[in-house]
Amino acid sequence: MNKRLSVKHLLGIKQLTAEDIDLILTTADQFKEVLNRTIKKVPSLRDITIANLFFENSTRTRVSFELAERRLSADIVNFSASSSSVKKGETLIDTVNNILAMKVDMVVMRHPNPGACVFLSRHVDSKIINAGDGAHEHPTQALLDAYSIRERLGSVKGKRVAIIGDILHSRVALSNIYCLQKLGAEVMVCGPQTLVPRYIGSLGVKVEYNLRKALEWCEVANMLRIQLERQDIRYFPSLREYTMQYGVNKQMLDSLGREITIMHPGPINRGVEITSDVADSDQAIILGQVENGVAVRMAVLYLLAGRTDE
Ligand code: CP
């Protein structure tokens, strides 16, 4: 392992080259092998201190990063906004500078504001990893999604991937579009007109408002959650009506006459965007995505720490 990424931080997939993404996925292959050993820990990031700053709720990403860091033998400090001095009015820069004064090398940050990680990267010396910034980007989710498609279908290049649901409020959608296109996949977005941003066609994706047509077109359907917490107005009449128009069930999948792969970044709203029999079926690789997330995040941390020549 002696190749390097072209970037100092992981702020978004937009800034990565196809070679960067390939390097991350190939490095993740090696860490996945490590994770299947009896002793799952390697000393790669010994003496590196990583702060996990979560200003917004998370289950998968927070736990996955922490596990990846522990498997690499890094020292970790965890911070959550709900129990911090942010509640007393402290600014982002002051919070982070106080943490960095304790000699932190890398920062993994989730923040509700788009661009928060870019802002931070301009003001501090540590390496910054975006763990989701508002409705903007979620780069490690897109990387683990690409890794999971490659694992399931052999490659990403040439595959037809439909991203279905609340595109407007999704950071997963934008990062997936950039990542899949850089790897040579064809991408479609599908959802109600009110939840598909008008600019999205300019990114070179197909736009479809009919779920059945999207499922007939794709080899992979990445189902997104309705993000009620980011919706300040009503974008559709009711969840029941949304499910009738855009919910995927087993009967619908079986009627396609060929098997497509179902993905979901989580958390799932069971019975809304997909039924339980779909989420728990062999067609769904949802828990595989979560498993792959640890190896992919280990690869990102390892490559950004720049210890590839050691
Ligand atoms: N997929 C994802 O980002 O999940 P969390 O919000 O639980 O981290």
Side-chain angles (χ1 to χ4, degrees), residues 10-14 24 28 50-71 76 78-83 107-117 128-149 151-152 161 163-180 189 191 195 220-231 248 261-270 272-274 278-280 284-301:
L10 180 60
L11 302 174
I13 299 291
K14 192 174 184 181
I24 292 168
I50 304 175
N52 299 311
L53 311 186
F54 279 75
F55 293 86
E56 207 184 48
N57 292 344
S58 169
T59 302
R60 278 146 293 273
T61 312
R62 188 174 52 78
V63 173
S64 181
F65 265 114
E66 189 169 336
L67 203 52
E69 292 154 7
R70 289 189 192 284
R71 299 289 192 229
I76 303 172
N78 286 321
F79 164 97
S80 108
S82 57
S83 56
V107 173
V108 173
M109 185 167 84
R110 171 167 289 191
H111 200 280
N113 295 340
C117 290
I128 310 295
I129 299 174
N130 183 358
D133 60 333
H136 179 221
E137 279 227 40
H138 192 352
T140 56
Q141 180 68 47
L143 290 165
L144 75 87
D145 288 345
Y147 186 93
S148 303
I149 292 173
E151 184 176 65
R152 178 76 161 205
V161 182
I163 305 171
I164 298 168
D166 183 355
I167 312 295
L168 183 66
H169 299 99
S170 172
R171 49 192 170 218
V172 174
L174 192 57
S175 286
N176 259 272
I177 290 168
Y178 289 140
C179 191
L180 293 167
V189 295
L195 290 176
V220 178
N222 195 351
M223 305 303 300
L224 302 182
R225 177 176 70 91
I226 290 291
Q227 303 207 21
L228 289 173
E229 73 277 18
R230 293 193 206 282
Q231 298 185 10
V248 168
T261 300
I262 302 293
M263 303 176 69
H264 196 304
I268 302 174
N269 287 320
R270 283 178 184 259
V272 178
E273 61 269 5
I274 49 175
V278 172
D280 301 331
I285 56 168
I286 299 168
L287 290 179
Q289 291 171 256
V290 176
E291 181 186 341
N292 290 334
V294 180
V296 167
R297 290 181 173 113
M298 285 172 82
V300 167
L301 292 162

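All of these numbers come straight from a predicted model, not from anything done at the bench. These values consider heavy atoms only, across backbone and side chains, with no hydrogens, waters or symmetry-generated copies. First listed ligand is number 1; within each ligand, the first listed atom is number 1.
Annotation: atom 6 (O) of ligand 1 to nearest protein heavy atom, Arg110 NH1, 2.8 Å. Atom 4 (O) of ligand 1 has its closest protein heavy atom at Arg60 NE, 3.1 Å.
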Kindly determine whether Arg110 and His138 satisfy side-chain hydrogen bond (donor to acceptor under 3.5 Å, both in side chains), including the steps that lead there.
CA-CA 9 Å; Arg110 171 167 289 191; His138 192 352; 3.2 Å; yes

Show your reasoning for whether salt bridge (Lys or Arg N to Asp or Glu O under 4.0 Å) applies to Glu56 and Arg171.
CA-CA 13 Å; Glu56 207 184 48; Arg171 49 192 170 218; 3.0 Å; yes

Ser148 and Gln289: side-chain hydrogen bond (donor to acceptor under 3.5 Å, both in side chains), yes or no, with the steps?
CA-CA 6 Å; Ser148 303; Gln289 291 171 256; 5.5 Å; no

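Considering backbone and side-chain N/O atoms, Arg62 never comes within less than 3.5 Å of an N/O atom of ligand 1. Note: an N/O pair closer than 3.5 Å links Pro265 and ligand 1 by distance alone.
Set against the non-hydrogen atoms of Thr61, the atoms of ligand 1 under 4.0 Å away are 2 (C), 3 (O), 4 (O), 5 (P), 8 (O). Atoms of ligand 1 lying under 4.0 Å from at least one heavy atom of Thr59, given by number and element, are 5 (P), 7 (O), 8 (O). With ligand atoms numbered from 1 in the order given, ligand 1 contributes 1 (N), 2 (C), 4 (O) to contacts under 4.0 Å with heavy atoms of Gly266.
Checked by atom type, the side-chain pair Gln141/Asn176 shows no donor-acceptor distance below 3.5 Å.
Panel note: side chain Glu273, backbone Gly165; no donor-acceptor pair is recorded below 3.5 Å.
Ile262 and Met223 make their closest contact through CG2-CG, 4.2 Å (heavy atoms, listed as atom of the first residue, atom of the second, distance).
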